[in-house]
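Both backbone and side-chain heavy atoms feed into the values below; hydrogens, waters and symmetry mates do not. So you know, we letter chains A, B, ... as the sequences are listed, proteins then strands, and number each from 1.
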Amino acid sequence: MARRKHPGLVPAALLSYRQGGPWGAPAGLGLPAGDRAGELARGVLKEGMRPGMRFSQLFGRTLRQEPAEAETASHRLMLKAGMIHQVAAGSYAYLPLAHRSLRKVEQIIREEMDAAGSQELKMPALQPLELWQETGRAAAFGQNLFQLRDRRDRPLVLAPTHEEVVTQMVRAHVKSYRDLPLILYQIQTKFRDEPRARAGLIRVREFDMKDAYSFDADEEGLGLSYGRMVEAYKTIFRRCGLPALAVEADPGAIGGKDSQEFMLPTEAGEDTIVLCPACGYAANAERATGVPPPVSPEDRLPLEEVATPGCTTIAQVAAYVGVPESKTLKAVFYVADGRLVFVTIRGDLEVNEVKLGRVLRARELRMASDAEVSEAGLVAGYASPIGVKGVTILADASVGQGANFVVGANRPGYHLRNANVPRDFQPDLVADIALAQEGHGCPKCGSPLRASRGIEVGHVFKLGTFFSERLGATYLDPRGQQRPVVMGCYGIGVGRLLAAAIEQNHDEKGMIFPPPIAPYEVYLASLNVENEAVRQAADDLFQQLQGAGIEVLYDDRAESAGVKLNDADLLGFPVRLVVSPRTVKQGSVEVKGRREEKGRVVGMPQVVEAVQGMTMTR
RNA sequence: CGGGGCGUAGCGCAGCCCGGUAGCGCACUUGAAUGGGGUUCAAGUGGUCGGCGGUUCAAAUCCGCCCGCCCCGACCA
């Protein structure tokens, strides 16, 4: 830690940043009175945040080498910059720089949620397990739910989300249609015992989330609330400087109607999204519909057996028989809630397990083991939907869009060619269970789809009456009828948003913060602090900037120029100011934007104005 | 949970095979020089070698068990 003057005992009133306490400025110097109104007008974000900080007193240090464990850019850079500190797998402390960014994100979220008419509150993270059993979600979350017991041995959970509690609370306080509509939100710590935490703040086990819940009298009301939240989200991401993309998402186990995810496109993303450059269709690959490449029509030929020794994969079979993969049928076996399901799909396509699970209404879905497959009388690698009994056969829609397929013969070393539906076998169910892939046709306009990776930073969801029915959250309508409230929920991962922003905005030297969420707006470096004139000029400039309400980290450390300039690039604030013997001699300062190649020299009296010109973008 | 890798100073690593004084670079402290892209020299501080047990005269090193962390997969309202 940097050496500093011990603050000693200072009356509390003097510690306010307005007074210029020993942390914000040298004792005794004090800060100019400043223009608080003007400062706030530049962005309510500054509320409660001290605008200036000396690097020599900042908690957290930048590292020369990067911790070996970090691979993802945001993880690596945040560790290197001393912004985060790992405490356990998926559990991080936010040091002051990260904390400032997070507070800015939260503040933007608050402003937009408030503007959309929702009310902030805060619910407990510690909740009785019983509440989660009432809705069946204790089982649905399974191992992901953190559970613990109190001293009286009562089972408790650390909440992964708050639908149960908010619904229970609304049940007690909402009685009439006159109490609706209602949107409540909080920014709260969530706990999820993820199977694998990864990539720094991208997937963690303890994280802060803004979660909002809407309560309406009917579906139409829900539509309005949902629309308002979508608009608020667009504004939030735009204000954070992030081009988040709204994509159709899978509604999940609760079975709501609409669901959209807000994705930030980046290679480090965990999700695949498919989008149509022509018409704007965009969906999570879990959910997306793609039109598979067509196959040319042909006459139905008679079924015949062919020997295919050693051909147990689609690629081998297609090559051996001499047909394209799109003229074969793939057989995949799943166990859905204990029941074996024979899934067949055109050989050039992949099964989308999310769609499959939804079609089967399965709570638990997994691939079948080889043993389970042979117990059902099927031959792995040569399994055939033709002549199978006692097993549910589910065919992808693509099976009906081709003819004369090569399928297994259900005996080792043989396949059948010229299989046709429904002539040769009749599926119990035909549905779209194919994974949409790059190059498939857009379901809206037919143009080729593109695929991209993305990080989910927000999710909005129409819940309907799932929770209100189970927990008895009802209201009386104007005719005195008791009805369940209709709900929606809306989440944004705050820390993940910060990580995603860095993921998307960095170069080989460091982070490049979108200005609205940068920890500070300005990095002020003094080169050669031993030089009294430099020190004096930099100190003065530091005071001036703070007085103008500009957020500035003043690098007053006795470090070499290289160290300071590299740290400036690493931390990636929007503006870098350099005061050096050279600039002092000219009565000027070097001003450089983080994305700019070269700085420019600005006369000392014009510096504040120049900086304001570069940071007033919000 | 399956596969792989790793735990030695705040960070990056060597030492381990072949048992015998715990080392290097960075960071940190002191002094001197330097002063626009991780500068130089000198002298220092800092370590339960992840934990427990075993073998041995002697364990960072060999053996066993456990714990933690990372990556891939599975999983993921």
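For K190(A) and C76(B), the NZ to C1' distance is 16 Å, given to the nearest whole Å. Atom P of nucleotide C76(B) and atom CZ of F146(A) are separated by 17 Å, given to the nearest angstrom. Look at CD on E532(A): it is 18 Å from P on G35(B), rounded to the nearest Å. Atom-to-atom, CG of N531(A) to C1' of A33(B) comes out at 16 Å; the value is rounded to the nearest Å. Residue R557(A) contributes atom CZ, which lies 14 Å from atom C1' of C28(B) at whole-angstrom precision. The interatomic distance linking I84(A) (CD1) with C70(B) (P) rounds to 11 Å, in whole Å. As rounded to whole Å, 16 Å separates atom P of G35(B) from atom CG of L565(A).
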Name the pairs: protein N/O against N/O of nucleotides 72-75 of chain B, kept only if under 3.5 Å.
residue	atom	partner	partner atom	Å
C72(B)	OP2	R196(A)	NH1	3.1
C72(B)	OP2	R196(A)	NH2	2.7
C75(B)	OP1	E353(A)	OE1	3.4

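Taking the P atom of each, G2(B) and C66(B) are spaced 13 Å apart, rounded to whole Å. To the nearest whole angstrom, the two C1' atoms, one in U8(B) and one in A60(B), are 7 Å apart. A gap of 50 Å separates the C1' atoms of G36(B) and C17(B), to the nearest Å. Remark: the separation of the C1' atoms in G23(B) and C49(B) is 12 Å, to the nearest Å. Taking atom P on both nucleotides, U40(B) is separated from A27(B) by 9 Å, rounded to a whole Å. U48(B) and A9(B) have their C1' atoms separated by 13 Å, given to the nearest Å. Across A14(B) and C52(B), the matching P atoms stand 24 Å from one another, rounded to whole Å.
Residues A89(A) and A197(A) come closest through the heavy atom pair C-CB, 4.1 Å.
In Q133(A), the CD atom is crowded: over 12 heavy atoms of neighbouring residues, nucleotides or ligands sit closer than 6.0 Å.
Remark: the S580(A) side chain and the G36(B) base include a donor-acceptor N/O pair separated by less than 3.5 Å. The base of G35(B) has none of its N or O atoms less than 3.5 Å from a complementary donor or acceptor on the side chain of E530(A). A donor and an acceptor atom never sit less than 3.5 Å apart when one is taken from the side chain of N528(A) and the other from the base of G36(B).
Using modelled atom types and a 3.5 Å distance limit, the side chains of E163(A) and T167(A) yield no donor-acceptor pair. Side-chain polar atoms of E503(A) and T266(A) form no donor-acceptor pair below 3.5 angstrom.
Annotation: side-chain hydrogen bond (donor to acceptor under 3.5 Å, both in side chains) contacts of E590(A) (sequence neighbours excluded): R576(A). Every residue two or more places apart in sequence or in another chain that forms a side chain to side chain contact (heavy atoms under 4.5 Å, CB included) with D540(A) is listed here: Q536(A). Checked against ring pair (Phe, Tyr, Trp, His ring centres under 6.0 Å), F141(A) has the following partners two or more places apart in sequence or in another chain: W132(A). For T583(A), the side chain to side chain contact (heavy atoms under 4.5 Å, CB included) criterion is met by V579(A), S580(A), S588(A), not counting sequence neighbours. Every residue two or more places apart in sequence or in another chain that forms a side-chain hydrogen bond (donor to acceptor under 3.5 Å, both in side chains) with E270(A) is listed here: R198(A), R203(A). Residues meeting the ring pair (Phe, Tyr, Trp, His ring centres under 6.0 Å) test with Y226(A), sequence neighbours left out: none. The side-chain hydrogen bond (donor to acceptor under 3.5 Å, both in side chains) search around R594(A) returns D507(A), not counting sequence neighbours. With sequence neighbours left out, H75(A) forms a side-chain hydrogen bond (donor to acceptor under 3.5 Å, both in side chains) with Y92(A). Applying the ring pair (Phe, Tyr, Trp, His ring centres under 6.0 Å) test to H506(A) and every residue at least two apart in sequence or in another chain returns nothing.
A 3.5 Å limit on both hydrogen-bonding distances identifies G5(B) as the Watson-Crick or G-U partner of C69(B). As the counterpart of C52(B), G64(B) is assigned, both hydrogen-bonding distances of the Watson-Crick or G-U wobble pattern falling under 3.5 Å. Under the Watson-Crick and G-U wobble criteria, each requiring two contacts below 3.5 Å, nucleotide A74(B) is left unpaired. Here G19(B) sits opposite no nucleotide as a Watson-Crick or G-U wobble pair (both hydrogen-bonding atom distances under 3.5 Å). Under the Watson-Crick or G-U wobble criterion, with both distances below 3.5 Å, G44(B) is paired with C28(B). The nucleotide G36(B) finds no pairing partner, because no Watson-Crick or G-U wobble arrangement with both distances shorter than 3.5 Å includes it.
Contact annotation for T583(A): base contact, defined as any heavy-atom pair under 4.0 Å involving a base atom. Using a 4.0 Å heavy-atom distance criterion, A199(A) is classed as a sugar-phosphate-only contact. Among the atoms of the strands shown, base atoms are found under 4.0 Å from some heavy atom of D567(A). If you check every strand for non-hydrogen atoms under 4.0 Å, A88(A) touches sugar and phosphate atoms only. Among the protein residues, K80(A) comes within range of the nucleic acid bases, having at least one heavy atom under 4.0 Å from a base atom. At the heavy-atom level, A197(A) lies under 4.0 Å from the strands shown only through sugar-phosphate atoms.
Phosphate contact (OP1/OP2 of G68(B), side-chain N/O of Q86(A), threshold under 4.0 Å): absent.
Checking K592(A) against C489(A), the closest nucleotide of RNA chain B that is more toward the 5' end is the one next to K592(A). Nearer to the 5' terminus of RNA chain B, by closest-nucleotide assignment, is the contact made by E559(A) (compared with the other of E559(A) and R576(A)).
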Worksheet, complete the sentence: Reading nucleotides 5-14 of chain B from 5' to 3' and marking B where a protein heavy atom lies under 4.0 Å of the base, S where only the sugar-phosphate is that close, and - otherwise, the string is ------BSS-
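The aromatic rings of Y523(A) and F55(A) sit perpendicular, their planes meeting at an angle over 60°, well past the 30° parallel limit.
Contacts with RNA chain B (heavy atom under 4.0 Å) in residues 202-216 of chain A: R203(A), listed by number.
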